[in-house]
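Quantities reported herein were computed from a predicted structural model and do not represent experimental measurements.
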Amino acid sequence: MTNITEAKFHEVDATDINAATQDSPHHPDNISKDKAAMKSMYEAAKSASDKEHKMTLMQGLRLYPKAVAWSILISTCIAMEGYDVALVGNFYAFDTFNRKYGELTKDGTYQVPARWQAGLSNGAQCGEIIGLIINGVVSERFGYRYTVMACLVAITAFIAIFFTAPNIQVLLVAEILAGIPWGVFQTLTITYASEVCPVALRGFLTCYVNFCWGLGQEIAIGVIKGVLHRTDEWAYKIPYGLQWMWPVPLFIGVWFAPESPWWLVRHGRIEDAKRSLLRLTSKSQQDDSDPDETIAMIQHTTELEKDITSGASYWDCFKGTDLRRTEIVCVIWSIQTLSGNTFSNYSTYFLTQAGLDPSASYSFALGQYGINMIGVLGAWSLMALGMGRRTLLLGGLTGLCVTLFVLGFLGIPKTNAAHLATGSIMLVWALFYQCSVGTIAYSLVAEMSTRRLQIKTVVLGRCCYNITAIIANVLTPYMINPTAWAWGNYAGFFWGGSCLLCLIYAYFRVPEPGGRTFAELDLLFERGVPARKFKETKVDVFDVALAHQVEMDKPEVGHAEKV
């Protein structure tokens, strides 16, 4: 009896052990299943990657028309910032605004002092830095859609402060508070655009963000010209009040927008990612694509980046190869300011001080911001013809440098013809800027960082942009304000010199990301390929074994012994 009981006991024990072993991830059967799943993911991911490389621009538009539409909608949020930035910089040439918020000068006119001009412009920049840092944490946790909607609600409330500001101090508070949601829009719009579309469309949709900047600025100048004849408080209240036209329709649109499939995959929501991907593609063209393959490619890239990047915190942006990528993003953003962009935001004020009639100054500004949008279309055309982002950046910086030095030399003759030539040169500068630096920067910063660290890397880069913009916003009013340094055209020499330094940096450090999948860019950076050799270097991301794949390829005997 004892022997039978013992036998049964051991039999049951063996069965339990066998069952426990089968549940173990190290069991041979489970290892085989994992290997099969890994192989299947590799094959699907490679198939999707090959399709993206072969996809033309028109094929991408036919397959992803909804992704284009949703990206355009969310990118339009940045038009609000462009609108306000144009208002602030161009209100300084507006007599009614100066009488309300300025001070009486010795010559009997009203001017907003240089210290307050710098303060108002920098108030928004400081608020944006706060918004950027918050966004780096919040959007990755709660998703892009909910973050954008919360910011739209906030900006609706902050506009009321602009509209009712009794003095320049309250106006500064409004700029700081409004800068917080603007900081969020600056990075989320680019990230969303880069993640909802294939390689063939990525550069175009990220560059569209700059078009929205120009759109907001053009509307602002048009509104100011429309109220230029008014002498009451509504001359500046109408432009501020019209900011309410943006948030409500954008909120409704974002509510129905699909979340980024990349964000969903990073959070393990694979089925939700697939549904989101289906909402981004055309049903009539879905026979030409396989959403499972695309999701597999996203998973493969995510796993590859986990191997390359140990974490996903701000500190990880400064580790290993991510340090180089963060540096490039930070400098690319800063180049927008250092190539003279802040100088252009004061165009009407600058031209008025140079001797042009205020109405003519606003006409030049209207043309300048119109060129901003046309320039984006020009950049698109050059990209469609096969010109790379790096080539556009280098060519644009060369043109900007020459234009700024010409602007400086035009300050030597003090004639009306020189004043008109100054306005014309600023239009030429705007065309060079928007066809290159102003537009391409949005595409480059979206492609330089890993997917896991993109939000945080772009946030750090935009913070650098805001810091350089704060410095420029302090210097520029003093350069052109007649009550301060009164440099006038000679400011062109200063910005021409900084633009030359940017050109030298870009030549040695900024690589060409065009036509590359995110996984390929990860591998190129991991291998330390020099910037000038990115374009011709061949890489195969599917020849690289992932860390947990290597773990599964270990001899199964070792696993059996552990059990």
> Does the distance from a Lys or Arg side-chain N to an Asp or Glu carboxylate O, for E140 and R266, drop under 4.0 Å?
Replying inline: yes
> Between F204 and F211, is the ring centre distance below 6.0 Å?
Replying inline: no
> Would a distance-only check, ignoring hydrogens and angles, find a side-chain to backbone donor-acceptor pair under 3.5 Å from R509 to E327?
Replying inline: no
>> Once rounded to the nearest 0.5 Å, what's the spacing between atom CG of L278 and atom NZ of K66?
In response: 9.0 Å
> Counting only N and O atoms by type, is there a donor-acceptor contact under 3.5 Å from the side chain of T156 to the main-chain atoms of L152?
Replying inline: yes
>> Between T326 (side chain only) and C317 (backbone N and O only), is there a donor and an acceptor less than 3.5 Å apart?
In response: yes
> Just wondering, more than 12 heavy atoms not from Y505 lying within 6.0 Å of its OH?
Replying inline: yes
>> I'd like to know if the side chain of E52 reaches the main chain of V199, judged simply by a donor and an acceptor atom lying under 3.5 Å from each other, with no hydrogens or angles considered.
In response: yes
> Under 30°, 30 to 60°, or over 60°: which ring-plane class applies to W315 and F318, parallel, tilted or perpendicular?
Replying inline: tilted
> Does NZ or CZ of R202 fall inside the cone over F518's six-membered ring, less than 6.0 Å from its centre and within 45° of the axis?
Replying inline: yes
> Below 4.5 Å, heavy atoms only, C-beta onward: do W70 and R279 meet side chain to side chain?
Replying inline: yes
>> If we ignore hydrogens and angles and just use 3.5 Å, is the side chain of Q434 paired with the main-chain N or O of V376 as donor and acceptor?
In response: no
>> If you define the side chain from C-beta out and look only at heavy atoms, does anything of Q454 sit under 4.5 Å from T457?
In response: no
> Are F251 and W246 close enough that their ring centres sit under 6.0 Å apart?
Replying inline: no
>> Any side-chain to backbone donor/acceptor pair from Q299 onto V265? Under 3.5 Å, distance only.
In response: no
> Among V137, L132, V138, which one satisfies side chain to side chain contact (heavy atoms under 4.5 Å, CB included) with I134?
Replying inline: V138
> What pair of heavy atoms forms the shortest contact from C330 to S334, and how long is it?
Replying inline: O-OG, 2.9 Å
>> Could you check whether any side-chain heavy atom of C401 comes within less than 4.5 Å of a side-chain heavy atom of L503, counting everything from C-beta outward?
In response: no
>> Testing the 3.5 Å rule here: is there a donor-acceptor pair between the side chains of N135 and S139?
In response: yes
>> Is it the case that the side chains of E447 and S443 hold a donor-acceptor pair, with the cut-off being a distance below 3.5 Å and no angle test?
In response: yes
> Do you know the tightest heavy-atom contact between A67 and L205?
Replying inline: O-CD1, 4.4 Å
> If you round to the nearest 0.5 Å, how far is OG of S449 from CZ of F525?
Replying inline: 9.0 Å
>> Donor-acceptor check, side chain of S194 to backbone of T191, threshold 3.5 angstrom: yes or no?
In response: yes
> Parallel under 30°, tilted from 30 to 60°, perpendicular over 60°: which one fits the rings of Y192 and Y144?
Replying inline: perpendicular
>> Both conditions, 6.0 Å and 45 degrees, for the charged tip of R390 above the ring of Y507: are they met here?
In response: yes
> Got L501 and L338 here, is their nearest side-chain heavy-atom distance under 4.5 Å?
Replying inline: no
> T302 side chain to I298 main-chain N or O, any donor-acceptor pair under 3.5 Å?
Replying inline: yes
> Does the side chain of R324 come within less than 4.5 Å of I328's, by heavy atoms?
Replying inline: yes
> Do R325 and D522 meet the salt-bridge criterion of a basic N to acidic O distance under 4.0 Å?
Replying inline: yes
> Under 4.5 Å between any side-chain heavy atoms of M80 and F185, yes or no?
Replying inline: yes
> Does R269 reach the side chain of E259, with side-chain heavy atoms less than 4.5 Å apart?
Replying inline: no
